[in-house]
There are 2 protein chains.
Amino acid sequence: MERKRADLIADAIEELIFDGTFEDGDRLDEVQLAERFSVSRTPIREALQRLILSGLVEQIPRRGVFVRQPGPVELIEMFEVMAELEAICGRLAASRISDKALADLRAINDRCRTATEAQDADGNYHQNDIFHATLYAQTGNAFLEQECLRLQRRLRPFRRLQLRWRGRMAQSVAEHDAILAAIESGDGAQAGNLLRQHVTVQGEKFHRLMSSLKPAAE
Amino acid sequence: MERKRADLIADAIEELIFDGTFEDGDRLDEVQLAERFSVSRTPIREALQRLILSGLVEQIPRRGVFVRQPGPVELIEMFEVMAELEAICGRLAASRISDKALADLRAINDRCRTATEAQDADGNYHQNDIFHATLYAQTGNAFLEQECLRLQRRLRPFRRLQLRWRGRMAQSVAEHDAILAAIESGDGAQAGNLLRQHVTVQGEKFHRLMSSLKPAAE
DNA sequence: AAATCCATTCTTGTATACAAAAAATTTGAC
DNA sequence: GTCAAATTTTTTGTATACAAGAATGGATTT
């Protein structure tokens with residue numbers, strides 16, 4: 001399943017948006033991008049199509065495509081959906097997970113713990129993504145897994161910001177422990193509730209997220 | 001904000017797949033489609049991009065795009081996700097719905113009932129879609145609403161088939177009544193469970209119908 | 001001086017031409 | 001006659017040329 005050049009370009013443009021090269025509201029000029037990537041406008045336009053469909057940019061007919069970072073409201077909404085999806089995953093996984101996968105999850109969370117103790121935010125962040133992705137796979141529902149991965153990917157740059165909150169990493173690891181305990185005991189409802197709380201943006205996390213958005217809003 | 005020609009073509013091709021003009025596994029020839037719609041290959045390719053991203057067709061690099069109808073397993077998975085999403089909508093709507101919207105839902109279900117009594121499958125089908133779409137909007141979460149509409153749209157041709165089951169339409173209307181009662185009493189958990197069951201049944205009915213058709217299809 | 005209208009220019013949307021890769025067919029050897 | 005290799009053909013992927021709509025700027029008028 002090889003990928004085309006347009007896919008690579010789409011990923012590259014996505015990265016340029018995430019790292020701040022293109023800010024909210026910026027127009028993505030086709031000819032500039034074509035020069036930057038040393039290709040014609042055609043593959044650029046294909047790449048932009050992908051980004052439009054993923055919701056990362058918005059197209060205004062005959063005007064161009066513009067970076068469209070989600071505002072506070074939309075972001076909260078997306079996190080709410082993510083929380084509910086993860087709750088579903090937890091509930092389903094509790095009744096469908098294999099012993100091996102459970103051991104894998106414990107091992108992944110141990111690596112989260114190690115990274116946390118080493119103050120390694122990048123490591124924690126990465127292992128955390130793997131933890132959740134592994135959980136998705138244990139729902140036994142490949143379609144659900146893909147949908148979760150899609151939203152996880154979309155929220156990635158925002159989730160990363162939350163790790164800057166002091167003590168958040170350690171708390172996250174502890175929450176993973178509780179989730180794993182609920183899954184192991186087969187208590188799907190409890191696993192779901194814990195996961196929903198784990199992902200839901202509320203209280204301190206809410207303010208933290210909002211203030212980190214302020215600079216991007218300008 | 002109807003976009004451009006490529007979007008109309010994408011919808012048209014989608015319709016051609018749903019109505020059976022293109023079957024599972026068929027290759028969608030770019031030049032043939034270009035002739036059919038009297039445009040060049042460029043807008044056709046853009047339309048196909050959309051269908052690829054929506055999962056309705058599959059692209060094999062350097063080979064072309066092929067119609068990819070979901071198999072029995074994937075279909076069951078999709079219905080399971082739809083059921084869980086609707087359950088979420090029901091739970092959220094129970095605490096967020098307005099009195100006016102509740103009255104609207106009752107009116108829509110009354111139209112479902114009228115259509116059922118008139119043996120009007122098309123009418124019931126249409127009003128049923130509106131019923132659920134209206135419910136999505138009452139979650140107060142526009143992102144969730146859009147995601148639900150997306151999956152609802154994808155499952156539409158399959159949901160339609162289950163109405164052929166004798167008595168299903170009347171049962172569906174009764175289930176809507178129970179759901180509305182739960183929402184009105186503010187019992188989100190109950191509303192969610194009823195909706196999950198309501199949609200799960202659709203999937204199972206469809207599954208049984210499909211397996212009974214399998215011999216004929218081969 | 002401000003506003004409006006027209007022309008120029010810039011950008012997207014579409015068509016076509018070209019290149020590269022895969023499928024199909026033909027030709028040749030055993 | 002069959003299998004294989006090479007060539008032809010078909011089809012996708014990319015580049016470029018062209019058309020149409022929107023923005024911009026200047027000139028003219030009030």
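Labels below follow one simple rule: chain letters A, B, ... track the order of the sequence lines, proteins then strands, and each chain is numbered from 1.
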Trainee: At what angle, to 10 degrees, do the two end axes of the helix from dA1(C)-dT30(D) to dC30(C)-dG1(D) meet, given five pairs define each axis?
Mentor: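 The value is 10°.
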
Trainee: Mind checking side chain to side chain contact (heavy atoms under 4.5 Å, CB included) for V73(A) and listing every partner two or more places apart, or none if nothing turns up?
Mentor: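 V73(A): side chain to side chain contact (heavy atoms under 4.5 Å, CB included) contacts with E77(A).
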
Trainee: Who are the side-chain hydrogen bond (donor to acceptor under 3.5 Å, both in side chains) partners of D99(A), not counting sequence neighbours?
Mentor: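 Expected list: none.
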
Trainee: On DNA chain D, which is the earliest and which the latest nucleotide, 5' to 3', with an atom closer than 4.0 Å to a heavy atom of chain A?
Mentor: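 In short, chain A contacts DNA chain D from dG13(D) to dA23(D).
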
Trainee: Between dG13(C) atom C1' and D7(B) atom CG, what is the distance in whole Å?
Mentor: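 So the two atoms are 12 Å apart, to the nearest Å.
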
Trainee: Can you list, in residue-number order, the parts of residues 30-41 of chain A that come under 4.0 Å of DNA chain D, counting heavy atoms only?
Mentor: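 The answer is V39(A), S40(A), R41(A).
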
Trainee: Residues two or more places apart in sequence or in another chain: which of them pass side chain to side chain contact (heavy atoms under 4.5 Å, CB included) with R113(B)?
Mentor: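 Side chain to side chain contact (heavy atoms under 4.5 Å, CB included) list for R113(B), sorted by chain: N109(B), D110(B), E117(B), V173(B), D177(B).
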
Trainee: What residues form a side-chain hydrogen bond (donor to acceptor under 3.5 Å, both in side chains) with D26(A), not counting sequence neighbours?
Mentor: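 For D26(A) there are no side-chain hydrogen bond (donor to acceptor under 3.5 Å, both in side chains) partners, ignoring immediate neighbours.
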
Trainee: Any donor-acceptor pair under 3.5 Å linking the side-chain atoms of Y136(B) with those of Q146(B)?
Mentor: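 Side chains of Q146(B) and Y136(B): no pair found under 3.5 Å.
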
Trainee: Please report, rounded to the nearest Å, how far the C1' atom of dT11(C) is from the CZ atom of R62(A).
Mentor: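 Taking CZ of R62(A) and C1' of dT11(C), I get 9 Å after rounding.
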
Trainee: 5'-most contact on DNA chain D: P43(A) or R27(B), nearest heavy atom basis?
Mentor: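 Nearer the 5' end of the strand: R27(B).
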
Trainee: So, using side-chain hydrogen bond (donor to acceptor under 3.5 Å, both in side chains) as the criterion, who are the partners of R111(A) when residues are at least two apart?
Mentor: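 Result, side-chain hydrogen bond (donor to acceptor under 3.5 Å, both in side chains) vs R111(A): Q127(A).
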
Trainee: S95(A): which residues meet the side chain to side chain contact (heavy atoms under 4.5 Å, CB included) condition with it, sequence neighbours left out?
Mentor: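 So S95(A) forms no side chain to side chain contact (heavy atoms under 4.5 Å, CB included) with any residue.
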
Trainee: Taking only residues two or more places apart in sequence, or in another chain, which ones meet D129(B) in a side-chain hydrogen bond (donor to acceptor under 3.5 Å, both in side chains)?
Mentor: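 Here the qualifying residues are R156(B), R159(B).
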
Trainee: Just call it for R45(A): base, sugar-phosphate, or nothing, with non-hydrogen atoms closer than 4.0 Å on any strand.
Mentor: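 Base contact.
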
Trainee: Mind checking what makes salt bridge (charged side-chain N to carboxylate O under 4.0 Å, His left out) contact with R62(B), not counting sequence neighbours?
Mentor: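 Testing R62(B) for salt bridge (charged side-chain N to carboxylate O under 4.0 Å, His left out), a comparison that skips the adjacent residues, returns none.
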
Trainee: Among all residues two or more places apart in sequence or in another chain, which pass the salt bridge (charged side-chain N to carboxylate O under 4.0 Å, His left out) test with E80(B)?
Mentor: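 So E80(B) forms a salt bridge (charged side-chain N to carboxylate O under 4.0 Å, His left out) with R96(A).
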
